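Beneath this line is the structure, given in structure tokens, with notes to follow.
Computed from a prediction, not measured in an experiment: that's the story for all the values here.
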Amino acid sequence: DIAVAPVPGNLFAHTKDKLYTLDNDTLKMVEVGLFTFDKKKGLVTDIALDQFRNLWAITFTDLFDCDADTAKCKWVAKLPKEFNGLTFIPETLVPGSKQEALIGISESGDWNWIKPDGKGSVTMKKLGSYGGGWLSSGDAFSVVGIGTFATVKKKSGGIDTLASIDPKTGKIVKTIGSTGAKGLFGFAWAANSFYGFSSDGSIYVIDVNTGKATKSTQIVTPKGAKWWGAGVSTRANGP
């Protein structure tokens, strides 16, 4: 066996049909390209990246394996239910496994381990949920050395709250504070900052201590972009 080192990766964000990445040097959102599909094309509701920078994407009905450099996607499987959030959790945090786990988050806040079988289907194991009546605002991330966090809300269309999450169960460990923003469908970490990507096209910097979201004055949203999700490697903070 050949050991393959993890690959620190950039933050990615996307609209319903186009992939972008954050250039850490210029702080610009750089267009990767339109999502293309070998079959079962659809609107991309969220993405996730594993430790090797492999990008996975979901539509309302299906799971895809995508190229992070081209946004070309290969169909993997039909999903048993709809998810509005997607993330990997590091292998050291996965119950009963030595591999990273792909987690699908339902709008109700359920934390589901998605396991593709390589034959067009998946098995799904519910690990838990946010609890306390909290719903998924649309995204979460888990980065080694940083932690596992999500944007959550109490009601549909409500103000988003920053929360720390137990990756093994999906349960909220602590509600850090209100972001003061709505529709943060994309949420990820990059270069010691928490970023929220809003459905209205805004990009926010989120204070990890208070949860407050402040519109970024440095990162400019590409013209006409409305964010649907974001993702970052589990090793974005280094191996």
Side-chain angles (χ1 to χ4, degrees), residues 10-24 27-30 43-48 58 82-87 103-111 129-143 146-165 170-232 236:
N10 287 7
L11 181 155
F12 288 82
H14 64 91
T15 64
K16 63 184 179 181
D17 57 6
K18 191 175 290 186
L19 181 65
Y20 295 84
T21 187
L22 175 64
D23 186 313
N24 290 327
L27 291 182
K28 291 183 177 180
M29 297 303 300
V30 179
L43 304 179
V44 175
T45 58
D46 207 3
I47 60 173
I58 52 172
E82 186 177 308
F83 303 106
N84 71 355
L86 192 71
T87 188
I103 302 296
I105 309 160
S106 64
E107 188 175 1
S108 63
D110 290 342
W111 197 256
S129 65
Y130 289 150
W134 290 101
L135 308 176
S136 170
S137 297
D139 216 351
F141 73 80
S142 188
V143 173
I146 302 300
T148 305
F149 296 85
T151 51
V152 299
K153 58 189 177 183
K154 275 293 188 179
K155 61 180 181 180
S156 181
I159 298 292
D160 293 349
T161 292
L162 176 64
S164 60
I165 308 296
K171 185 177 181 180
I172 291 177
V173 176
K174 180 181 180 181
T175 52
I176 296 170
S178 172
T179 65
K182 294 182 180 181
L184 297 181
F185 293 171
F187 176 54
W189 178 93
N192 295 318
S193 293
F194 284 36
Y195 292 104
F197 294 81
S198 173
S199 58
D200 69 4
S202 301
I203 300 175
Y204 293 89
V205 178
I206 300 175
D207 190 312
V208 66
N209 296 309
T210 66
K212 182 180 179 182
T214 303
K215 281 190 179 182
S216 174
T217 58
Q218 293 181 300
I219 304 175
V220 179
T221 296
K223 186 177 180 179
K226 307 293 184 183
W227 303 113
W228 276 42
V232 67

Checklist entry - Looking at residues at least two apart in the chain, or sitting in another chain, which of them share a salt bridge (Lys or Arg N to Asp or Glu O under 4.0 Å) with Lys18? => result Glu31
Next on the checklist: Please check if the number of heavy atoms outside Lys174 that lie under 6.0 Å from its NZ is greater than 12.
Outcome noted: no
Checklist entry - For the side chain of Ser216 and the backbone of Val205, is there at least one donor-acceptor N/O pair under 3.5 Å apart? => result no
Next on the checklist: Applying side chain to side chain contact (heavy atoms under 4.5 Å, CB included) to Tyr204 and Thr179, what does each step give before you reach the verdict?
Outcome noted: CA-CA 9 Å; Tyr204 293 89; Thr179 65; over 6 Å; no
Next on the checklist: Suppose we screen for side chain to side chain donor-acceptor pair (under 3.5 Å). Which residues come up paired with Thr148, at least two apart in sequence or across chains?
Outcome noted: Ser142
Item to check | Backbone N/O of Thr21 and side chain of Asn10: donor-acceptor pair under 3.5 Å | outcome: no
Checklist entry - Is the cationic atom of Lys153 (NZ for Lys, CZ for Arg) positioned less than 6.0 Å from the six-membered ring centroid of Trp134 and within 45 degrees of its normal? => result no
Less than 3.5 Å apart, which donor and acceptor atoms pair up between the side chains of residues 223-232 and the rest of the protein, not counting sequence neighbours?
residue : atom : partner : partner atom : Å
Lys226  : NZ   : Asp200  : O            : 3.3
Trp227  : NE1  : Gly201  : O            : 3.2

Checklist entry - Rounded to the nearest 0.5 Å, how far apart are OH of Tyr130 and OG1 of Thr175? => result 13.0 Å
Item to check | Closest non-hydrogen atom pair between Ile159 and Ser178, with its separation | outcome: CG2-OG, 3.3 Å
Next on the checklist: Please enumerate all residues that pass side chain to side chain donor-acceptor pair (under 3.5 Å) together with Thr15, with sequence neighbours excluded.
Outcome noted: Asp17
Item to check | Distance (rounded to the nearest 0.5 Å) between Ile219 CD1 and Ser202 OG | outcome: 12.0 Å
Checklist entry - Is a side-chain donor or acceptor of Asp46 paired with a backbone partner of Leu86 at a separation under 3.5 angstrom? => result yes
Next on the checklist: Can you list everything that forms a side chain to side chain contact (heavy atoms under 4.5 Å, CB included) with Asn84? Sequence neighbours excluded, please.
Outcome noted: Glu107, Ser136
Item to check | Interatomic spacing from CG in Leu135 to OG1 in Thr161 - rounded to 0.5 Å | outcome: 11.0 Å
Checklist outcome for this item: By side chain to side chain contact (heavy atoms under 4.5 Å, CB included), Ser108 pairs with (sequence neighbours left out) Ser106, Asp110
Item to check | Nearest atoms (heavy-atom pairs only) where Ile176 meets Gly211 | outcome: CG2-N, 3.9 Å
Checklist entry - Among side-chain atoms of Asp160 and Ser137, is any donor-acceptor pair under 3.5 angstrom? => result yes
Checklist entry - Does a side-chain heavy-atom distance below 4.5 Å link Leu22 with Met29? => result yes
Item to check | Separation of Phe187 CZ from Tyr195 OH (nearest 0.5 Å) | outcome: 12.0 Å
Checklist entry - How about Phe141 and Phe149: are their ring centroids closer than 6.0 Å? => result yes
Item to check | Phe197 side chain near Asp139 side chain, heavy-atom distance below 4.5 Å | outcome: no
Checklist entry - How about Ile165 and Ile172: do any of their side-chain heavy atoms sit closer than 4.5 Å? => result yes
Checklist entry - Can you name the nearest heavy-atom pair linking Thr45 to His14, along with the distance? => result C-CE1, 3.7 Å
Checklist entry - So, do Ile47 and Leu19 sit near enough that their side-chain heavy atoms are less than 4.5 Å apart? => result yes
